[in-house]
Each structure stands twice: as structure tokens, then as C-alpha cells.
Amino acid sequence: MTDVPTPPAAGPPPDRCRAAPRTEAEAVALQESLRSLLVRDESGPPADGTGTVAGVDVAYDDARDLVAAAVVVLDAGSLDVVAEATAVGPVPFPYVPGLLAFREVPAVLRALDRLDDLPDLVVCDGYGVAHPRRFGLACHLGVATGLPTIGVAKSPFTFRHDDPGPARGAFSPLRDGAEEVGRALRTRAEVKPVFVSAGHRVDLDTACAHVLRLTPRYRQPEPVRRADRRCRDALAAAVAAGAHHPA
DNA sequence: GCGACAG
DNA sequence: ATCTTGTCGC
């Protein structure tokens with residue numbers, strides 16, 4: 001029997017999306033496997049101020065083997081916080097460039113599980129398809145949840161780009177060789193750009209449109225700023241409560 | 001072989 | 001990510 005092509009986006013995310021590799025080689029192999037589930041032909045939720053947008057971020061205390069994740073959901077129009085959740089646990093994987101998802105995604109999934117209602121879009125602090133194997137953090141989280149995701153990073157990783165014009169909204173392509181894998185997008189005039197890439201079920205134009213709507217004042221998207229603050233608070237609270245996972 | 005290297 | 005004082009500017 002010949003295998004029938006697997007219809008992406010259909011049905012619940014397979015269990016291997018939550019698999020915990022023990023070695024770098026296993027992690028790389030898992031990324032190459034999960035990559036086939038990534039949906040890149042949807043434009044994504046419209047960036048018109050409707051619906052909800054969540055920001056996710058993670059903070060660490062490696063000495064205590066603690067990771068804290070936060071998800072903060074905002075109304076896409078008013079940017080008011082409508083829900084939030086956190087999760088704390090042991091650090092599942094060391095930091096290895098290109099394998100960040102295995103360090104961050106497990107705790108983020110537990111935080112998302114605690115929400116009553118899922119958001120229409122998730123903004124990640126890191127990359128989507130701008131990744132050595134085209135499967136960065138935002139792609140991994142998207143495939144694992146089925147939700148539309150985008151990546152907004154603060155540094156260009158290994159990719160090349162020209163400096164965008166000085167005005168807010170100016171952008172230039174972020175390239176891996178000749179391929180455009182994302183964009184350097186200026187979210188504040190005269191301020192260092194952020195690096196936007198598509199994750200799961202969202203295209204690059206729509207991703208950038210969302211990022212501009214989510215940055216009325218600061219360089220980083222409001223949902224991510226809020227999540228950054230919340231995960232740091234959650235980590236501090238866990239440490240204060242004596243939570244730790246020593247060897 | 002030696003750097004560079006999202007968070 | 002995290003360690004960390006002061007300093008410049010709106």
C-alpha cells in the first residue's frame with residue numbers, strides 16, 4: 001500500500017509534537033519530521049483589529065533548573081489584556097542555537113492548556129521559518145497547537161539584511177542566501193528593527209501587518225512585552241516559594 | 001579547524 | 001536568557 005499524502009492542518013496535532021528529545025541529533029531529526037506538518041499556504045487571521053492575539057515568553061533560572069512560561073492574551077483592537085496563564089517546571093533541554101523550541105515549547109504548551117479560550121494568533125519571542133531548517137520556535141509551537149503563529153526576534157541570528165529606512169513601518173528582507181526567510185521591520189522610528197518571520201498558517205505580509213498593529217509605542221509587540229513581564233514574575237514567585245528541581 | 005549563533 | 005551602575009533623553 002502506498003501512503004496517502006498526509007493532509008496538514010487537518011485533525012489534532014500528533015503526539016510527536018510534544019516529544020522530548022534527549023540529544024541534539026534526536027531534536028534535529030524531530031524538527032525535520034515535524035516540518036512536513038507546517039502549513040505555509042494560509043494568509044492567516046486578518047490584521048484588522050478583530051479577534052485576540054497572545055504573546056508568549058519564557059524565563060529561566062538554570063541554577064535551580066527552573067523555567068517559567070507565560071501567555072498573555074490581548075484584544076487585538078484595544079490591546080487590553082483579556083486573559084493570561086503561566087506554568088513553571090524543570091528545564092527540559094539546554095540552549096542550542098537552532099534548537100530553542102525544545103527548551104521553551106513544553107512550558108508554553110502547559111500555560112496555553114490553562115487558558116479557557118484559545119487565541120486567534122500567537123506571537124513568539126524568536127523565529128519562525130527564519131531558521132536553519134525552516135522550523136524555528138514559532139513553527140514548532142504552531143504545529144503543536146494548530147494555532148496560527150508568527151515569530152518576532154530581537155536579533156538577526158545568522159541571517160543577512162540591509163538596514164531598513166528610519167521610519168516606523170520600513171522594512172528590508174531577511175535572507176538566508178537568496179531566499180527571503182523574514183523581514184527586518186522597523187516598529188519605532190530611529191530604533192533598531194525587529195526580525196519577523198512566518199510561523200504556522202500565517203504569511204509574512206500578514207505577520208508584519210500584525211506586528212505593526214501590536215507596536216503602537218514600543219519596539220516589541222505588546223503581547224510579548226506583557227508575557228515577558230509575567231514569566232519573570234512567575235519565575236521570581238516560584239523561587240520565593242522554594243520551588244526548584246536540584247539534581 | 002575556527003568563529004557565529006533566536007532565547 | 002542572565003549578570004549589572006549609571007546615564008542620556010522625552
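Remember, predicted model here, so these are calculated numbers, not experimental data. Here is the naming used below: chain letters follow the sequence lines, and residue numbers restart at 1 for every chain. Side-chain atoms are counted along with the backbone in the values below, which use heavy atoms only and exclude waters and symmetry mates.
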Can T215(A) and R168(A) be counted as having a side-chain donor-acceptor contact under 3.5 angstrom?
-> yes

Represent DNA chain C in dot-bracket notation, 5' to 3'. Only Watson-Crick or G-U wobble pairs with both distances under 3.5 Å count; pseudoknot-style crossings use [ ] and interstrand partners use |.
-> ..........

Summary of side chain to side chain donor-acceptor pair (under 3.5 Å) pairs that have at least one residue in residues 84-96 of chain A, sequence neighbours excluded = E84(A)-R230(A)

Which pairs with one or both residues in residues 132-142 of chain A pass salt bridge (charged side-chain N to carboxylate O under 4.0 Å, His left out), sequence neighbours excluded?
-> R134(A)-D176(A), R134(A)-E179(A)

Contact boundaries on DNA chain C for chain A, cut-off under 4.0 Å to non-hydrogen atoms | dA1(C) to dT2(C)

Test side-chain contact (heavy atoms from CB on, under 4.5 Å) applied to D61(A) - qualifying residues, sequence neighbours left out = A63(A), R64(A), L66(A), L235(A), V239(A)

Applying side-chain contact (heavy atoms from CB on, under 4.5 Å) to A47(A) and not counting sequence neighbours gives A209(A), H210(A), R213(A)

Structure string for DNA chain B in dot-bracket form, Watson-Crick and G-U at under 3.5 Å, | interchain | .......

Where along nucleotides 2-7 of chain B does protein come under 4.0 Å, by heavy atom, of base (B) or sugar-phosphate alone (S), with - for untouched nucleotides?
-> ---BBB

Among residues two or more places apart or on two chains, list those pairs meeting side chain to side chain donor-acceptor pair (under 3.5 Å) that have a residue in residues 150-162 of chain A.
-> D125(A)-K154(A)

Side chain to side chain, L38(A) and V129(A), heavy atoms closer than 4.5 Å = yes

Could you pull out the closest heavy-atom pair between A184(A) and P164(A), with the gap in Å?
-> O-CG, 3.6 Å

Identify, with sequence neighbours excluded, every residue that meets side-chain contact (heavy atoms from CB on, under 4.5 Å) alongside C208(A).
-> R183(A), L185(A), V196(A), L204(A)

Can you sort out the partners of F102(A) under ring pair (Phe, Tyr, Trp, His ring centres under 6.0 Å), two or more places apart, ordered by chain and number?
-> F93(A), H140(A)

Sub-4.5 Å side-chain heavy-atom contact between L74(A) and T52(A) = no

Only counting residues at least two apart or in another chain, list the ones meeting side-chain contact (heavy atoms from CB on, under 4.5 Å) with F157(A).
-> P97(A), Y127(A), P132(A), F159(A)

